[in-house]
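To keep things clear, I will list the structure first and then write my remarks on it.
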Amino acid sequence: MLTAQQVPSALARRSCSSALSQLPLEIRTRSALFSVPNSQIASLASQPCSSAFRPRARPPHPGRYQRYQGPTLRAATRTRSSPPPLLRTMADDHSSRSNFNDIRVIHSDFELDVNLDKKIIEGYVKLNVVADRGSPSHLLLDTRDLTIHRVELLSPLQSPTGEGGPIPLKFQLDEPHKVLGSALRVDLPADLVGTLTHGSRLSLGVRFTTSPSSSAVQFLDPAQTAGGRHPYLFTQCQAIHARSLVPCQDSPGAKMTYSAVVRVPQPLTALMSAVPDDELPAGGLPHLADVEPPYPTSLFAFQQKVPIAPYLLALAVGELSSATLGPRTRVWSEPSMVEAGAHEFADTAKFLEAGEAIAGEYLWGRYDLLLLPPSFPYGGMENPCLTFVTPTLLAGDRSLTNVVAHEIAHSWTGNLVTNATWEHFWLNEGFTVFLERKILGRLYGPATFQFHAAQGAVKLAAEVERLGADNPYTRLVPDLSGGVDPDDVFSSIPYEKGFYFLYYLQELVGGADVFDPFLAAYIMAHRHKTLTSADFRNFFGEYFNKVPAAQDVDWNTWFFSPGMPPVTNTYDTSLAQQAYDLAMKWHTCDVMGIGSDGPEGASPAVVAGWSSEQMVAFLDKLGQFRAPQPMHRTVTKRLAELYGIYDSNNAEIRYSFFKLAIPAEDDQALSATAAMLRNQGRMKFLRPLYRALHRSKAGRQLAEDTFAEVGMSYHPIARKMVASDLGIKE
Ligand code: BES
Ligand code: ZN
């Protein structure tokens, strides 16, 4: 069979509707790894249920895993005739109290003074706003834990010469909502209101101060840094924390450009999600004249000329240096980690080029990385021009850099083409996982793509199992109305169900040769915009309007049914299979109670040539087999010993092993888990490990003690999420 590489590239580049009709049927419908025979494709449209794909196989092992069957079958047998629920394309964002649909901030100029002693940021922002509809009488901005000192009208001023300076405006902070914060209501002058029409522009200034408890910001004491000599600060604004950093319209729908001048104590460096500006403004921070730091300071200036959603605002301050990785790429970190970072992320420029080949020109100028201290709560965060990454990626062998490929992919899906609200988060993350895997596939071959896809399916099944197949948060498009905190809904679902859906669509319309040009067209059509799931559906429908199979998508079920997807994708498991086979051997040996020596023939030699990802695949598959019952600790101990788990530098391997060994109450694993909870703060590791400890008899106290000991050193978001996982009221 043909592979994507064998299809003539000119053909692959042609737009779908023309290219598709000229493709031989074999290419149109084939995937080397996809199990639908060509003969079935034509009959897709007449199928009574949404799937002409292989019926979901019965899981090989009885137990809780079987529960997937119920909701999945229900979803799969639902008819396609019911109309989709009304999805508004002009999205109301339940997560923002701003009125960005009426009057919108399109540019912000920030002046920021970073006070690491008081753990606050003093700020002034000049907001350029444009009236969009009606004649708005007030501007609503999002804030949380901000003090607002003054709001003023900067233009138009009543006197054409601007004499008399800015005009103070009346403002009020609404009653705070626990999740959404307090809307800052700014009354526009009555005589101005009548003159505002669609497109009218204003500029306003807001003087504000953050609070030490601002959820976007973590201040680190010198002892929490690698260098140990200077304090450090970094922000994390996704999903709705930007409002605790600066007053803004904290909705992805309110994209804006920005500039910033940041003052920090010497000898620290400031970095932002923007291109550094070599030219410093002569006047320094003119609107912060009331703030006079009693120590020597440095100024840093930035420009972000591509409109960004406010969740992409980012700032880091610390003792930082960098190494060049490519013409537009460098890695930043504390000096002692630069070398390790440069080694680990040496492939970044290659990833970027692969991303461009698939998704189009990279529009952001620079792509730098910032390697953060261990409390950074995510694997990576796609802050424009400056991806933030966790030091837990430093395995030494570049085996965890798919996270960098992922964050690079966000340069198109997420940062350029953006979910209109957090209900459509899969449009950011599902597409980005899809593009991430395409980047990896391009660099390392189709089997790598398939391996990661298969791993994703295991992860999806585990996540649905954990959350419950009826849990509404397992919907691809969840309902976030009523002040739901997007952090509470966060899971692998939008990532992996989103990926699963896109792969299904790809195979449905004829495979990557047809879908890749669609993807590029989708990005081109939506860049600089935001969109909802309905917008995506419409675009797909129009693009593939001549493809009969494309009319067959059961959008309703995919978007709104909880649980596993309504169809089953089939992936090539050539790279994963050995791992799965080994998992089955350990599973069998454990079930039979003969685990003290491991399965027959078990030896380190069996896994000697494996990638660390295959090792993780083995452990996760074993976890899936063992879900209903814990393993025996003799087996987990033997496994760790045989494969040198405790000697591994790879955080993912250790983490996957701990998930098996905690329920087994393996004492060595319990204390090694506690060490991992102490020395890094990535939520992907913290939350499942704390939950697993807390569930186990032997680990419960350890979880509580560890959190009591180190909880305050976690990022505020991580602290809050772990506390809630442990049932601790903060
Ligand atoms: N944008 C996310 C991180 C995020 C999501 C922060 C939601 C806050 C709210 C980032 O791109 C991400 O998905 N990171 C993953 C990488 C992985 C999927 C390769 C991570 O942190 O593990
Ligand atoms: Zn992501």
Side-chain angles (χ1 to χ4, degrees), residues 85 87-89 91-96 142 179-180 236-243 250-255 308-313 377-384 403 406-407 409-437 456 459-460 463-464 466-467 471-503 505 522-523 526 529-537 539 555 558-563 565 683-684 687 717 721:
L87 270 176
R88 299 185 47 188
T89 46
D92 277 334
D93 186 346
H94 301 297
S95 307
S96 169
D142 289 300
V179 174
L180 304 178
Q236 168 56 47
C237 289
Q238 197 180 13
I240 58 166
H241 300 279
R243 65 194 65 180
D250 197 1
S251 169
K255 287 194 179 183
I308 61 156
Y311 76 87
L312 293 171
L313 284 168
Y378 290 95
M381 175 64 213
E382 65 272 25
N383 297 315
V403 173
H406 178 93
E407 305 313 333
H410 272 305
S411 307
W412 294 272
T413 49
N415 295 5
L416 218 48
V417 178
T418 311
N419 53 208
T421 72
W422 300 113
E423 292 171 332
H424 307 283
F425 187 46
W426 78 275
L427 293 173
N428 275 21
E429 296 300 345
F431 269 85
T432 296
V433 173
F434 194 65
L435 198 45
E436 166 200 339
R437 292 180 181 153
K459 214 162 143 189
L460 174 61
E463 197 71 324
V464 171
R466 180 180 76 82
L467 294 168
N471 188 326
Y473 293 156
T474 61
R475 289 163 41 159
L476 196 54
V477 184
D479 178 2
L480 299 186
S481 60
V484 174
D485 186 343
D487 285 341
D488 289 338
V489 184
F490 181 83
S491 76
S492 303
I493 299 292
Y495 292 75
E496 295 301 347
K497 203 178 203 181
F499 171 86
Y500 208 91
F501 184 37
L502 291 171
Y503 187 79
L505 291 178
Y522 162 79
I523 290 165
H526 295 94
K529 295 184 185 155
T530 51
L531 82 164
T532 63
S533 302
D535 295 327
F536 169 67
R537 175 187 174 165
F539 187 79
W555 295 92
W558 275 103
F559 283 170
F560 302 113
S561 281
M683 282 197 280
K684 172 181 175 177
R687 298 190 64 189
I717 302 171
M721 299 319 294

- Query: Would you say the side chains of Asn419 and Tyr311 form a donor-acceptor pair under 3.5 Å?
  - Reply: no

- Polar side-chain atom of Glu496 near backbone of Gly498 as donor-acceptor pair, under 3.5 Å: no

- Query: Should Val403 and Tyr378 count as side-chain neighbours, where that means a heavy-atom distance under 4.5 Å?
  - Reply: no

- Task: Test ring pair (Phe, Tyr, Trp, His ring centres under 6.0 Å) on Phe501 and Trp555 and set out the steps.
- Result: CA-CA 10 Å; Phe501 184 37; Trp555 295 92; 5.6 Å; yes

- Task: Classify the angle between the aromatic ring planes of Trp426 and Phe559 as parallel (below 30°), tilted (30 to 60°) or perpendicular (above 60°).
- Result: tilted

- Task: Say whether Glu429 and His410, considering side chains only, have a donor N or O and an acceptor N or O under 3.5 Å apart.
- Result: yes

- Query: Pro478 versus Ile493: any side-chain heavy-atom pair under 4.5 Å?
  - Reply: no

- Task: Compare every heavy atom of Gly253 with every heavy atom of Thr530, then report the nearest pair and how far apart it is.
- Result: CG2-CA, 3.9 Å

- Message: What I'd like to find out is whether the side chain of Leu467 reaches to under 4.5 Å of the side chain of Ser491, using heavy atoms alone.
- Response: yes

- Message: Could you check whether any side-chain heavy atom of Phe425 comes within less than 4.5 Å of a side-chain heavy atom of Tyr495, counting everything from C-beta outward?
- Response: yes

- Task: Show your reasoning for whether side chain to side chain contact (heavy atoms under 4.5 Å, CB included) applies to Tyr500 and Trp558.
- Result: CA-CA 10 Å; Tyr500 208 91; Trp558 275 103; 3.9 Å; yes

- Query: Can you tell me if Lys497 uses its side chain to pair, donor with acceptor, with the backbone of Gly430 under 3.5 Å?
  - Reply: no

- Hey, mind stepping through Trp422 and Ile240 against side chain to side chain contact (heavy atoms under 4.5 Å, CB included) and telling me if it holds? CA-CA 9 Å; Trp422 300 113; Ile240 58 166; 3.7 Å; yes

- Any donor-acceptor pair under 3.5 Å from Asp250 side chain to Arg243 backbone: yes

- Query: Going by distance alone, is a donor N or O of one side chain under 3.5 Å from an acceptor N or O of the other, for Ser481 and His94?
  - Reply: no

- Task: Verify, without hydrogens or angle tests, whether Lys529 (side chain) and Ala420 (backbone) share a donor-acceptor contact under 3.5 angstrom.
- Result: no

- Quick one: do Lys684 and Glu463 make a salt bridge, cutoff under 4.0 Å? no

- Shortest non-hydrogen contact between Gln238 and Asn428, atoms and distance: NE2-ND2, 4.4 Å

- Query: Any side-chain heavy atom of Pro252 sitting closer than 4.5 Å to one from Asp93?
  - Reply: yes

- Query: Closest heavy-atom contact between Leu313 and Asn383?
  - Reply: O-OD1, 4.3 Å

- Message: Quick one, Leu435 with His406, criterion side chain to side chain contact (heavy atoms under 4.5 Å, CB included). Give me CA distance, side-chain angles, the key distance, then yes/no.
- Response: CA-CA 7 Å; Leu435 198 45; His406 178 93; over 6 Å; no

- Take Leu531 and Val417 through the test side chain to side chain contact (heavy atoms under 4.5 Å, CB included) and record every step on the way to the result. CA-CA 8 Å; Leu531 82 164; Val417 178; 3.6 Å; yes

- Task: Kindly give the heavy-atom pair with the smallest separation between Ala242 and Pro310, and that separation in Å.
- Result: CB-O, 3.5 Å

- Message: Could you tell me if the side chain of Thr421 sits less than 4.5 Å from the side chain of Leu480, heavy atoms only?
- Response: no

- Inter-residue atom distance Leu180.CG - Ser95.OG, 0.5 Å rounding: 6.5 Å

- Item | No-hydrogen, no-angle side-chain donor-acceptor test under 3.5 Å, His424 and Thr532 | no

- Do you know which two heavy atoms are closest between Leu416 and Lys255, and how far apart they sit? O-NZ, 2.9 Å

- Item | Non-hydrogen side-chain atoms of Asn415 and Ile308 separated by less than 4.5 Å | no

- Is His526 close to Phe539 at the side-chain level, that is, under 4.5 Å between some pair of heavy atoms? yes

